[in-house]
Every structure is written in C-alpha cells, then in structure tokens.
2 protein chains.
Amino acid sequence: MRDQFTHAIEDYLKTIYDLSLTHGRASTTQIAEVLNVAPASVTGMIKRLAGAKPPLVEYQKHRGVVLTQDGKIAAIEIIRHHRLLELFLQETLGYSWDEVHAEADRLEHVISEDFEERIARVLGDPTHNPHGDPIPTRDLEIPPHATLCLSHLRPNDRGTIRRVRDTDPELLRFLSDHGIVPPASFTVTGYTPFDGNLTLQINGRDQAVVLGMRITQQIYVERE
Amino acid sequence: MRDQFTHAIEDYLKTIYDLSLTHGRASTTQIAEVLNVAPASVTGMIKRLAGAKPPLVEYQKHRGVVLTQDGKIAAIEIIRHHRLLELFLQETLGYSWDEVHAEADRLEHVISEDFEERIARVLGDPTHNPHGDPIPTRDLEIPPHATLCLSHLRPNDRGTIRRVRDTDPELLRFLSDHGIVPPASFTVTGYTPFDGNLTLQINGRDQAVVLGMRITQQIYVERE
DNA sequence: CCAGAAAATTAGTTACCCCTAAAACAAGAT
DNA sequence: ATCTTGTTTTAGGGGTAACTAATTTTCTGG
C-alpha cells in the first residue's frame, strides 16, 4: 500500500487535506505558502495529481483543488503516520511537544506499515497526538475531537484545552510555559473587542495570560 | 552536520566504506551490484563525489575509489545511524533480527542528530547491533570486534558466535532457527575439504548443523 | 464596465539520479 | 604483439521536482 507515492506527493496530499478542512478547497497560493515552494511548482504538481492513474485530486483551472476519495485515503494514511510518530517521539524518546512535529515530518514518509502497526500497539492505539489532533484509526476513521474555537469564548466561560493546531516551536513553548496544554482547564476572565484579545486564567496557575486572535484561533476547547 | 548529502550520496558512501574494508578499494562494478544500479550510474555518481566541495572520494579512472577523510567521516556517521536504529527496532519495537535491516536502511537517512542521541541514550550507548556489527561511537571510533572468520575453524575448535555479516532475511531466519545468533557458543564437529562445509554443534542444541562456505564466510567468531 | 491588483498558469531551466547502448581501456591468453 | 574478455567510461535520454520570468485569468473598486 505504501511506496506508491513520492515524498513530495505525500506532502502535497497532506497539505491539501488540511487546507480543505478549513477552506473547503485548497488554492494554489495557499498550498505554495504551506509547502514553501513557488506557486508555479504547485500548478505543476497539481496537474500530476489530477492526471494520476486513479486521480488524487479534482482540478479546475484557477479554482484550486479538492481531494478525490483515493487522494483522501492516501492523505489520511500519512496523517496517521505523522500523529502516531509525534506521540511515539514524546512517549518513548522524551521529545517535548514543540520538537515532535519536525522530526515526524521526515519520518512519516519512510516508515513501513509494520512500523506504524508496532508503534500503534506500543502506544495502546491512541486517539490523539501531543497537540490533541485526532489520530486516524487503522481503518482511517477520524476520532471525535473538539471543534469549538477558543476565540469564540467570552468572559466567565469555563472549559478545557483540547487541541492546539499550530506547529511553530516558539509558540508551542510559550503555550506550555503558561500551562496551555491539553487537557488544562481554564476560565476566560477578559476580552477586548477591538483586537479580540482574550484573558485566560488556567486552573492552578497564579498568573493570567492574554492571548491574541492569532493564537486563540488555533486553539480548540470543550466548554464546561 | 546532516542534510549535507542526498540519500543517494549517503548510500554510495556507506557502500564504498563497506567494500573498502574487505577489498581496500571499491570498484565500479562492485558498487553497482551492491546498490542495484547500472555501472554507468556509478561512474556518474563517483564523479560527483570526487568533485564535491571537500572531495568525498579519491578517484582514478579504471581503478575504483577510496574514501577521503571527509568521506569516511560521513560514512561512519551513517553507519552509526543504521546500527543504532537496528538495535532500537529490536529492543523497543520487538522487531526480529531479520527485519531490522530493511527498516533501518530507510530511516538512517532522515533521523536528526537529536534522534540519534536519544536512542543511543535509551539503549545505554550500545557497542554492537543485533548482528554483532560494531556501532561507531559518538566520536566515530569503531569499537573492537571479532575478525576471525568461522570458515577458518576446523573440527574440535570451540568458540562463540560474535557477528553475522549478512542482511538476507531468509538466511538470518535460518540461522536463528538453528540457534546461530551472537553470543551462542559452539564446537566444530566436522569439515569437508572439497566444498568447505563445516558441521557445527551449538551448545544446548540437539541437532548439529552443516554450513556451506557461502554462510561460514559471513560469520565471525571468537575462538575459545 | 473597465482598469488595476491579485492569483494562477505557461514556458523554459536546472539539478538529481537513474537508464541503455556503444566506445575505450586493462590485462591475461595465444 | 595481438586478441579477447571483462570492466569502465562516454554519450544521450528520461522522470521528478524545484526554480524564474512572462503571460493569462479572475476578482474587485471606482
């Protein structure tokens, strides 16, 4: 089942999957930004993906792409690798949550199905990675996960941190330094309308912390 | 220090290092056979390696190549990755010794120095992989290891299996099925001059086993 | 509605790493 | 000294995946 795709193709599929979740479609520019390549390179690759033996994306010029069923299956398979690896690196090798992403990004393309299976078993078939992202199951279902964005909460709302959708190590260190890690519980104590800043009081902490929208839009929570 | 080289370059360096150990030099054809590529491809890559910014090999037309000091350092670094990974796969994920090589061959090119360091520490800075090959130290020294070939022993010689230099899974399963795994001890009970077959009685086993030269030349032992 | 900005595509290169076919070389046999 | 065999190199080519530069399409404001 693996080794069908090049590393580059896998990266594109993963990126398109991710962008489609929030935007419905993935545009050339968006993909280019995430993958750090020129837009022209994306156009070229999109044509390959659309022209593959079973097409992996549906492509309409100037309108971006959506994954086909085949493309979606491949993407989820890679995401399972990635998230299992992240948890494995943390649990077995003592990586911190800001370090796991970069290493998993390289390993995800080369591990065998056997390796995947073994770490899944060692970890006890986990459902979420260190960032709280759901780990697709063996049959590629996505486990239930929080979809309520922290940015939508207001003062006096209480809840639990469930997921941090960001891979910037600096930001992740900042957040864990302030106790903002799943499954911390918290109370919103402040909100400034113009800039969207939220003040959070994490349970068991002295200092409250103020977070801008750039951050609160990346954090998903469960309301109490 | 890593990411200087492509996967292909790393494979060539590793192969040249290995061939140089037994043959002094590595010829184009030998390299081509090991890497399963056409001889012409090897000539091309050799030129790249010899023309690199610090040259990685010394190249004389029609005479094969030797690694430069820079090339040797790079090769040993990769071999350290490979052998640490093999042991890690066996110890941590329960791989059998015939499965570790193939997986390590892919992983060795993508793990970070940090990953290397972490598995080395988890394993307690081991000196040998599951096959008994020495694992280069952090400063790239090769630990002492057996150099006496089993094929040189004769009836009534006793010794200990120290190293099996072969990666064929079928052969490795055959050997472990017969208890021929480091550090098993044994007595040579027979020898046929014409074909070089040796009969081995492994301590603690009922059945003796007859091994051809194809096999005994790949096994290194310590004589009692 | 149309001009200019933004987004996307085409065209043309480059680098990597493999291939086949054919020519050149090395070295022992005649 | 030449032939023959096997090894090695040259020449030419293909696929992947990136790039820049120039062009085309789409969107948006006046």
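Heavy-atom basis, side chains included; hydrogens, waters and symmetry copies ignored. Predicted, not measured: the structure shown is a model, and the values here were computed from it. We name chains A, B, ... by the order of the sequence lines, and we start the count at 1 in each one.
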Which residues in residues 43-60 of chain B have a heavy atom closer than 4.0 Å to any atom of DNA chain D? T43(B), K47(B), Y59(B)
Rounded distance (Å) that lies between atom P of dC17(C) and atom NE2 of H109(B): 11 Å
Position toward the 5' end of DNA chain D (nearest nucleotide), K61(A) or A8(A): A8(A)
Could you check whether D105(A) pairs with K14(A) (Lys NZ or Arg NE/NH1/NH2 to Asp/Glu carboxylate O, under 4.0 Å)? yes
Is the shortest side-chain N/O distance from T28(B) to OP1 or OP2 of dT9(D) below 4.0 Å? yes
Kindly state each residue pair satisfying side-chain hydrogen bond (donor to acceptor under 3.5 Å, both in side chains) with at least one member in residues 125-142 of chain A, sequence neighbours excluded. E86(A)-N129(A), E117(A)-R138(A), D125(A)-R138(A), N129(A)-D133(A), D133(A)-R163(A), T137(A)-D139(A)
Run S96(A) and D98(A) through side chain to side chain donor-acceptor pair (under 3.5 Å) and show every step you take. CA-CA 6 Å; S96(A) 58; D98(A) 55 292; 2.8 Å; yes
Might you work through the side chain to side chain donor-acceptor pair (under 3.5 Å) test for H101(B) and H82(B), ending with a clear yes or no? CA-CA 8 Å; H101(B) 183 78; H82(B) 182 86; 3.0 Å; yes
Tell me, which of residues 32-40 of chain A have any heavy atom that sits under 4.0 Å from an atom in DNA chain C? P39(A), A40(A)
What is the distance from CZ of R25(A) to P of dA7(C), rounded to the nearest Å? 17 Å
Show me the donor-acceptor pairs within less than 3.5 Å that the side chains of residues 44-62 of chain B make with the rest of the protein, sequence neighbours left out.
| unit_1 | atom_1 | unit_2 | atom_2 | d |
| --- | --- | --- | --- | --- |
| Q60(B) | OE1 | R25(B) | NH2 | 3.3 |

Between dT28(D) (C1') and H62(A) (NE2): distance, integer Å: 17 Å
Tell me whether the side-chain N/O atoms of S41(B) come closer than 4.0 Å to OP1 or OP2 in dC19(C). yes
Quick one: list whatever passes side chain to side chain contact (heavy atoms under 4.5 Å, CB included) with Q30(B), sequence neighbours left out. L19(B), H23(B), S27(B)
Run the side chain to side chain donor-acceptor pair (under 3.5 Å) check on T15(B) and D18(B) step by step: do they pass? CA-CA 5 Å; T15(B) 302; D18(B) 230 59; over 6 Å; no
Does Y12(B) have a side-chain nitrogen or oxygen under 4.0 Å from the phosphate oxygens OP1 or OP2 of dC16(C)? no
Under the rule for salt bridge (Lys or Arg N to Asp or Glu O under 4.0 Å), what residues qualify as partners of D114(A), not counting sequence neighbours? R118(A)
Test: R162(A) cationic atom under 6.0 Å from Y220(A) six-membered ring centre, within 45° of axis: no
Tell me the interatomic distance from D11(A), atom CG, to dA18(D), atom C1', rounded to whole angstroms. 13 Å
